[in-house]
Amino acid sequence: VKSVLTTLSGDELIQLREELDQIKASLSLVEFDDEEVDDKKDEDGAEFEKDLTSAVDGLSVSATADKLSKACKNTRSTISNMSKPQEDDSLEEEKTHSAEDVHAAAIRSLAELTARSIELFHKLAEMILFSNSSTDASILSQLTVILCKEISLLSKKFTSCLTTAGFNEKGDVLNPLITGVFLEASNSASYIQDAFQLLMPILEISHIQRRAGPSEQ
């Protein structure tokens with residue numbers, strides 16, 4: 001990169017700086033209100049799948065989000081199963097999952113979703129760096145918002161399930177579990193946004209490499 005910069009004239013350096021500033025501006029996250037995320041929407045995850053696929057397909061690199069998509073489906077399946085009564089053959093009656101079971105499943109699922117999201121960003125960073133194509137930074141911003149919204153949505157579904165499972169529990173037992181799920185979701189969103197911000201130098205380096213032209217690659 002340093003060798004490329006030394007070959008540019010003063011006007012070219014000014015233009016390059018303006019182009020890099022545009023990339024930085026495009027990496028600004030689109031604001032969304034976590035309170036407006038409705039846990040009653042997108043029950044089957046079809047809307048999320050559509051938005052995720054559209055965002056990934058809109059990038060210039062060839063990538064898939066299959067592992068992340070599978071993790072989201074598994075999480076929804078877990079929520080659905082924990083919302084249903086369990087049959088206890090020995091007692092010939094139905095029982096519900098305990099609040100502790102739901103809480104543990106929520107933490108595991110959110111951790112898995114976070115890991116898969118960061119894995120996707122890592123894969124995208126490698127492809128962007130080693131490809132010679134232009135990547136729309138604004139689409140990466142949209143992708144981040146899509147992931148953070150899904151994390152928020154699923155955490156609310158988990159806490160709804162948790163409230164049902166712990167209806168017999170005292171507040172000093174149930175409330176910390178609910179708070180723990182929301183805290184984990186907040187941490188997950190922060191990790192995803194941090195991974196997104198780390199893409200900025202990757203996009204800048206990629207852009208400078210393209211400016212160098214084929215002879216400098």
Side-chain angles (χ1 to χ4, degrees), residues 29-56 65-121 142-196:
L29 277 174
V30 178
E31 295 293 334
F32 76 96
D33 188 352
D34 180 69
E35 296 298 326
E36 293 182 357
V37 177
D38 186 357
D39 65 339
K40 302 303 181 185
K41 287 186 176 182
D42 199 22
E43 289 294 337
D44 60 356
E47 184 177 341
F48 168 74
E49 287 287 334
K50 178 181 177 181
D51 292 342
L52 177 62
T53 301
S54 177
V56 173
D66 292 345
K67 291 183 179 180
L68 175 58
S69 177
K70 182 179 179 180
C72 287
K73 289 179 180 178
N74 289 341
T75 297
R76 288 177 180 275
S77 178
T78 297
I79 294 171
S80 177
N81 290 337
M82 288 198 148
S83 299
K84 299 175 183 177
Q86 296 175 288
E87 291 187 0
D88 191 330
D89 294 335
S90 62
L91 299 177
E92 296 185 352
E93 63 180 19
E94 293 182 338
K95 64 177 183 177
T96 60
H97 291 272
S98 70
E100 289 77 10
D101 288 342
V102 176
H103 174 265
I107 300 302
R108 287 196 304 269
S109 296
L110 291 173
E112 172 73 6
L113 292 173
T114 305
R116 293 306 181 188
S117 296
I118 293 176
E119 181 182 44
L120 174 60
F121 277 123
Q142 294 172 14
L143 175 60
T144 304
V145 172
I146 290 169
L147 297 178
C148 288
K149 281 186 174 181
E150 182 70 358
I151 289 288
S152 176
L153 175 64
L154 294 176
S155 68
K156 289 184 176 183
K157 288 181 179 294
F158 264 120
T159 54
S160 177
C161 181
L162 186 56
T163 300
T164 301
F167 72 97
N168 281 329
E169 299 282 1
K170 294 181 179 180
D172 59 350
V173 174
L174 183 60
N175 290 340
L177 297 179
I178 294 175
T179 300
V181 172
F182 281 130
L183 179 60
E184 184 68 16
S186 177
N187 289 337
S188 295
S190 295
Y191 293 143
I192 292 171
Q193 290 175 28
D194 287 345
F196 162 73

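Sequence positions, counted from 1, serve as the residue numbers for this chain. Bear in mind that the values here come from a model prediction, so they are computed numbers and not experimental data.
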At what distance, to the nearest 0.5 angstrom, does CG of Leu113 lie from CD1 of Ile118?
11.5 Å
Between the side chain of Ser109 and the main-chain N/O of Ala106, is any donor-acceptor distance below 3.5 Å?
no
Has the side chain of Ser80 got a donor or acceptor atom that lies under 3.5 Å from a matching backbone atom of Arg76?
no
Does the side chain of Leu174 reach to within under 4.5 Å of the side chain of Phe167, using non-hydrogen atoms?
no
Would you check if there is a donor-acceptor pair between the side chains of Gln193 and Thr144 at a distance under 3.5 Å?
no
Side-chain (Ser77) to main-chain (Lys73) donor-acceptor, under 3.5 angstrom
no
Between Leu154 and Ile79, what is the shortest heavy-atom contact and its length?
O-CD1, 3.9 Å
Mind listing the closest non-hydrogen atom pair of Leu177 and His103 along with its distance?
O-CD2, 3.2 Å
Nearest heavy-atom neighbours spanning Leu110 and Ala185
CD1-N, 3.9 Å
As an exercise, state the distance from SG of Cys148 to CG of Leu153, rounded to the nearest 0.5 Å.
12.5 Å
Measuring from Asn175:CG to Thr163:OG1, what's the distance to the nearest 0.5 Å?
8.5 Å
So do the side chains of Leu143 and Leu52 get within less than 4.5 Å of each other, counting heavy atoms only?
yes
What distance do Ser152 atom OG and Leu147 atom CG have between them, rounded to the nearest 0.5 Å?
12.5 Å
Any idea which heavy atoms bring Leu68 and Ser117 closest together, and the distance?
CD1-OG, 3.6 Å
For Phe182, I'd like to know if atom CZ has over 12 heavy atoms of other residues, nucleotides or ligands within 6.0 Å.
yes
Shortest non-hydrogen contact between Ser83 and Cys161, atoms and distance:
OG-SG, 3.8 Å
Which atom of Phe158 lies closest to which atom of Ala105, heavy atoms considered:
CZ-O, 3.9 Å
Side chain to side chain contact (heavy atoms under 4.5 Å, CB included) between Glu100 and Val173: does it pass, once the steps are laid out?
CA-CA 10 Å; Glu100 289 77 10; Val173 174; 4.1 Å; yes
Salt-bridge criterion met for Arg116 and Glu112 (N-O under 4.0 Å)
yes
When rounded to the nearest 0.5 angstrom, what distance separates CG in Leu120 from CD1 in Ile192?
10.0 Å
Answer yes or no: is there a donor N or O on one side and an acceptor on the other, between the side chain of Ser54 and the main chain of Lys50, under 3.5 Å?
no
Would you compute the distance between atom OG of Ser155 and atom CD1 of Ile178 and round it to the nearest 0.5 angstrom?
11.5 Å
Ignoring hydrogens and angles, tell me if any N or O in the side chain of Ser69 forms a donor-acceptor pair with the backbone of Ala65 under 3.5 Å.
no
Counting N and O atoms only, with roles assigned by atom type, does the side chain of Ser188 sit under 3.5 Å from a partner on the main chain of Glu184, one being a donor and the other an acceptor?
yes
